[in-house]
2 protein chains.
Amino acid sequence: MSSLPPSRLRARKAVLPSSAVPDGTRRRILEAALQLFASRGFHGASIRDLATALELRPSALYAHFPSKEHVLAELVRMGHEAHHEGLRAALLGAGSEPTEQLRALVRAHTLLHANHPQLAVVVNEEIHVLPPELAAPALALREQSSALLLAVIERGRAQGVFSVPHAVVTAAAISTMGLRLPYWYEPTPALDVDTLAELHVELALRLLGVQGRP
Amino acid sequence: MSSLPPSRLRARKAVLPSSAVPDGTRRRILEAALQLFASRGFHGASIRDLATALELRPSALYAHFPSKEHVLAELVRMGHEAHHEGLRAALLGAGSEPTEQLRALVRAHTLLHANHPQLAVVVNEEIHVLPPELAAPALALREQSSALLLAVIERGRAQGVFSVPHAVVTAAAISTMGLRLPYWYEPTPALDVDTLAELHVELALRLLGVQGRP
DNA sequence: CCTTGCGAAACGAACGTTCGTTCAGATAAC
DNA sequence: GTTATCTGAACGAACGTTCGTTTCGCAAGG
């Protein structure tokens, strides 16, 4: 009934979504840490593991980050920022109709999680190890992103285009389709990311009780 | 767009699903470990933390388990066993119609995850730290459970009662509704576990394109 | 053209702490 | 008096982190 994890993303190379981080050692550290934290967890990956992956000595890392926790905090921050920005942009590009807005949201949400599975895993599983002051900004963004979807659903319901028995549970179901992607999905020619995104759009509309579909 | 974690299940007391474990220190260890592993992760919770929670000295644990890893392995094994047994029993209790079988599967799946959130989290997040020989039996059970759902969907599709654009993606969506529950759901009078299970049944049927519903 | 000086980056070694685990002996129950 | 359980002390290993030193690219000065 559940979906099987390939081997927790050990294989694929980690890619940062944001181009805001300039090339250089700092970026290399973030990418290697992303890969390690995603595959072994924050506590399961040591500073020495990270240094080895980078062909550096452990002490060299401290010229770029004040602590191991701050590396994670930066990844978590970037992940939430990219996610929220992606959703916001998608919503802006859609029209005013709830159905189109929902299509845009689900498409963006799915593409982000399918294209950056490691970041999704780290953001969602390891944010708990951060002290509250480092986690707070990310949690605030998360709340905002969640509200975006719920607002679209409520508006569609008010207009009579959506019919849902329970908005919050339905929103959770839609959001979850994307969130769990890193644990089972791998792009193949038979099921590429764009096809997957359209499938999720279709499924989300079904959950919202939208009848006529192209 | 995502759902916010309360504080990773720190609050609630952990409950083992299986009555197969007799009362006694061994059971107390498993329950305390379940709570700790769920809230801090396997690597984030030390043997000393576990011993403190049990008001024991660390060395006392080794009279009951050969290693920390074996405690986790036992939890993972129990979790997968309870899950698979729950699904199997649900299917047996349902008739031969795919719709009824699906109702039963989703209901059981949701109830298990809603009633045992800590076990769900540990089983799904920490299985990766186990060496392959300890994880293999659980992974085999997981594959079987996953196949149960897919088989029902395929049968329903063959009979014309379900209409899905992509069986695997749809199965993943259904399964995922339950899997993510521990991260956002908490039972309240307004939304108790049985109501939630019925909502998930309704949503799953929508995903499968079932039209007429009571 | 060569030398000098400088700042950033990485090294090498070590720190104090915590980790999982072991084991001989005390304790309690039947 | 045997058996099951727990204690107290200790083990080596691994942890995150610090710090003084070394390396290196490059611009300025003679």
Side-chain angles (χ1 to χ4, degrees), chain A residues 16 21-77 122 125-135, chain B residues 20-77 122 125-135:
Chain A
L16 293 180
V21 183
D23 283 7
T25 307
R26 184 183 162 91
R27 179 174 196 121
R28 285 184 60 233
I29 293 176
L30 286 172
E31 286 176 339
L34 178 54
Q35 162 128 298
L36 277 175
F37 292 168
S39 68
R40 302 189 212 167
F42 178 77
H43 284 123
S46 73
I47 286 283
R48 284 168 177 83
D49 294 334
L50 183 52
T52 301
L54 290 161
E55 298 188 273
L56 285 177
R57 258 28 71 190
S59 52
L61 305 179
Y62 289 85
H64 304 273
F65 290 93
S67 78
K68 186 188 175 192
E69 249 179 15
H70 281 81
V71 179
L72 174 62
E74 178 63 9
L75 288 174
V76 167
R77 194 198 59 78
V122 168
E125 290 197 12
E126 310 293 349
I127 191 176
H128 312 278
V129 323
L130 291 179
E133 70 269 18
L134 284 180
Chain B
V21 183
D23 284 5
T25 307
R26 184 183 162 90
R27 179 175 196 122
R28 286 184 60 231
I29 293 176
L30 285 172
E31 286 176 339
L34 178 54
Q35 162 128 296
L36 277 174
F37 292 169
S39 68
R40 301 189 213 167
F42 178 76
H43 283 123
S46 73
I47 285 282
R48 284 169 178 80
D49 294 335
L50 184 52
T52 300
L54 291 161
E55 298 188 271
L56 284 177
R57 261 26 75 190
S59 51
L61 304 178
Y62 289 84
H64 304 273
F65 291 93
S67 79
K68 186 190 175 191
E69 248 180 16
H70 280 81
V71 178
L72 173 62
E74 178 64 9
L75 288 174
V76 167
R77 195 198 56 79
V122 168
E125 291 196 11
E126 311 293 347
I127 191 175
H128 312 277
V129 323
L130 291 179
E133 69 269 21
L134 284 181

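A note on names: the letters A, B, ... follow the listed sequences, proteins ahead of strands, and every chain is numbered from 1.
- The local environment of CD in A:E55 is sparse, with at most 12 non-hydrogen atoms from other residues, nucleotides or ligands closer than 6.0 Å.
- Chain A approaches DNA chain D within less than 4.0 angstrom (heavy atoms of the protein), and the contacting nucleotides run 5' to 3' from D:dC15 to D:dC19.
- Here C:dT21 presents its C1' atom at 12 Å from NZ of B:K68, a figure rounded to the nearest Å.
- In this structure, B:V76 and B:L134 have side chains that are not in contact, with every pair of non-hydrogen atoms separated by 4.5 Å or more.
- Within the nucleic acid shown, A:L56 comes within 4.0 Å of sugar-phosphate atoms alone, with no base atom in reach, counting heavy atoms only.
- Nearest-nucleotide assignment on DNA chain C puts the 5′-proximal partner with A:A60, out of A:A60 and A:R48.
- In this entry the distance linking CZ of A:F65 with P of C:dA10 reads 12 Å, nearest Å.
- Identified under the ring pair (Phe, Tyr, Trp, His ring centres under 6.0 Å) test for residues 42-68 of chain A, with sequence neighbours left out: A:F37-A:F42.
- Salt bridge absent: B:E31 and B:R28 never bring a charged side-chain N and a carboxylate O closer than 4.0 Å.
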Exercise for the section: Report the C-alpha distance between B:D49 and B:S46 in whole Å, list the side-chain angles of each, state the deciding distance to 0.1 Å, and finish with yes or no for side-chain hydrogen bond (donor to acceptor under 3.5 Å, both in side chains). Expected result: CA-CA 5 Å; B:D49 294 335; B:S46 73; 3.3 Å; yes

Practice task
List the steps and the verdict of side chain to side chain contact (heavy atoms under 4.5 Å, CB included) for B:T25 and B:L56.
Solution key: CA-CA 10 Å; B:T25 307; B:L56 284 177; 4.3 Å; yes

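- At a threshold of 4.0 angstrom between heavy atoms, the contacts of A:S46 are confined to the sugar-phosphate backbone, with no base atom among them.
- Per the geometry, NE2 belonging to B:H70 stands 14 Å off C1' belonging to C:dT21, to the nearest Å.
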